[in-house]
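Inspection log for the structure reproduced underneath, given as structure tokens.
Just so you know, these numbers come straight off a predicted model, no measurement behind them.
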Amino acid sequence: MRCLSKIVLGGTIGVLSIAVGGGVLLGLGIISPTTLEATLNEWFPKKSISPGEFIPLAVVNMTKVRDEAEVFKTIKSFSDQQKKAIYEEFLVQENLLRKESEEIKKQEAAQKETPQELNEKKTAFNKKCAEVEQQVQQKKITLDRDLEKRFALVEEKFYKIIADAAGRYHARVVIDSTATAILYAEGVDLTDIIIQDLNQQTAGFTVSAQES
């Protein structure tokens with residue numbers, strides 16, 4: 001049970017409680033289903049929203065924003081390209097190591113080198129394998145940290161845009177519709193508005209591997 005306290009709708013309306021799991025909305029103490037339905041219809045009329053209208057509750061589909069906003073697409077594309085580059089580089093190193101391993105096996109079969117010489121080559125080979133693996137892991141870690149910093153900058157802008165949009169539409173509470181069971185939300189979905197604002201305010205955003 002979550003309580004949204006002191007939501008104003010033309011005046012103070014006390015406490016509005018939303019029971020998400022049970023699918024039951026109760027407010028102002030005891031209220032009949034008929035009164036509840038009439039109140040919901042009054043609060044959330046079936047019409048499109050416009051700036052200046054009062055909406056006590058709004059929703060944003062955060063998954064849709066992160067999938068469709070251009071700035072998130074740009075970061076994801078950069079991430080995919082960098083991961084692909086790391087993988088391709090690893091394949092090149094792997095092929096070289098495979099050839100070296102086969103060569104050592106041939107030399108061992110030919111018995112043209114002493115056991116000590118073969119052991120030294122195997123030791124050197126194993127060291128190369130460990131170094132390649134370590135290099136790949138370090139590049140992945142560096143990329144993840146880089147992406148975290150980029151996402152943090154965008155997320156800061158993202159949440160400010162949500163707050164600004166909520167202010168324009170007088171929404172006192174904004175809920176992520178992908179994480180909460182929304183009982184009624186027709187006409188109060190700010191998702192497309194958020195995507196539009198995010199695209200406009202991050203229009204010049206670019207990503208390159210040279211950025212720190």
Could you tell me whether [X] and [Y] make a salt bridge, using a distance below 4.0 angstrom between a side-chain N and a carboxylate O?
X      : Y      : value
Asp67  : Lys76  : no
Arg168 : Asp197 : yes
Lys112 : Glu117 : no

Would you kindly confirm whether Leu153 and Ile161 end up in one hydrophobic cluster when ILVMFWY residues are joined by side chain heavy atoms under 4.5 Å apart?
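Hydrophobic grouping puts Leu153 apart from Ile161.
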Flag yes if Leu96 and Val132 sit in one hydrophobic cluster, no otherwise; membership is Ile, Leu, Val, Met, Phe, Trp, Tyr, and two members link when side-chain heavy atoms are under 4.5 Å apart.
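No; Val132 is not reachable from Leu96 via cluster members.
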Are the side chains of [Y] and [X] in contact, using a 4.5 Å heavy-atom criterion?
X      : Y      : result
Arg66  : Glu155 : yes
Ile162 : Met62  : yes
Leu198 : Lys157 : yes
Gln93  : Gln135 : no

For the backbone of [Y] and the side chain of [X], can you confirm whether one donor and one acceptor N or O come within less than 3.5 Å of each other?
X      : Y      : value
Ser101 : Leu97  : no
Asn61  : Ser177 : no
Asn95  : Leu91  : yes
Ser77  : Lys73  : no

Going through the checks in order, is the salt bridge (charged side-chain N to carboxylate O under 4.0 Å, His left out) test met by Asp146 and Arg150?
CA-CA 6 Å; Asp146 184 35; Arg150 296 177 195 273; 2.8 Å; yes
Could you tell me the separation between the [atom1] atom of [X] and the [atom2] atom of [Y], rounded to the nearest 0.5 Å?
X      : Y      : atom1 : atom2 : result
Lys128 : Asn126 : NZ    : CG    : 11.5 Å
Leu190 : Asp164 : CG    : CG    : 12.0 Å
Gln82  : Asp144 : CD    : CG    : 11.5 Å

Mind listing the closest non-hydrogen atom pair of [X] and [Y] along with its distance?
X      : Y      : answer
Leu143 : Lys83  : CD2-CG, 3.6 Å
Ala166 : Val174 : CB-CG2, 3.7 Å
Glu68  : Ile195 : OE1-CD1, 3.8 Å
Lys64  : Asp192 : NZ-OD1, 3.0 Å
Ile175 : Val173 : CG1-CG1, 3.9 Å

Can you check side chain to side chain contact (heavy atoms under 4.5 Å, CB included) on Val154 and Ile75, steps first, answer last?
CA-CA 10 Å; Val154 175; Ile75 295 178; 3.7 Å; yes
If the plane angle is over 60° it's perpendicular, under 30° parallel, otherwise tilted; pick one for Phe72 and Phe158.
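Correct class here is perpendicular.
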Evaluate side chain to side chain contact (heavy atoms under 4.5 Å, CB included) for Lys139 paired with Glu89, printing each intermediate quantity in order.
CA-CA 11 Å; Lys139 287 185 178 182; Glu89 182 179 349; 2.6 Å; yes
If you count the non-hydrogen atoms of other residues, nucleotides and ligands that lie under 6.0 Å from [atom1] in [X], is the total more than 12?
X      : atom1 : value
Glu156 : CD    : no
Glu94  : CD    : yes
Lys160 : NZ    : no

Do Thr191 and Val59 pass the side chain to side chain contact (heavy atoms under 4.5 Å, CB included) test, and can you show the C-alpha distance, the side-chain angles, and the key distance before you say yes or no?
CA-CA 7 Å; Thr191 303; Val59 298; 5.6 Å; no
For side chain to side chain contact (heavy atoms under 4.5 Å, CB included), just list the numbers for Glu103 and Glu100, CA-CA rounded to whole Å, side-chain angles, deciding distance to a tenth of an Å, and then say yes or no.
CA-CA 5 Å; Glu103 184 62 28; Glu100 186 172 344; 5.6 Å; no
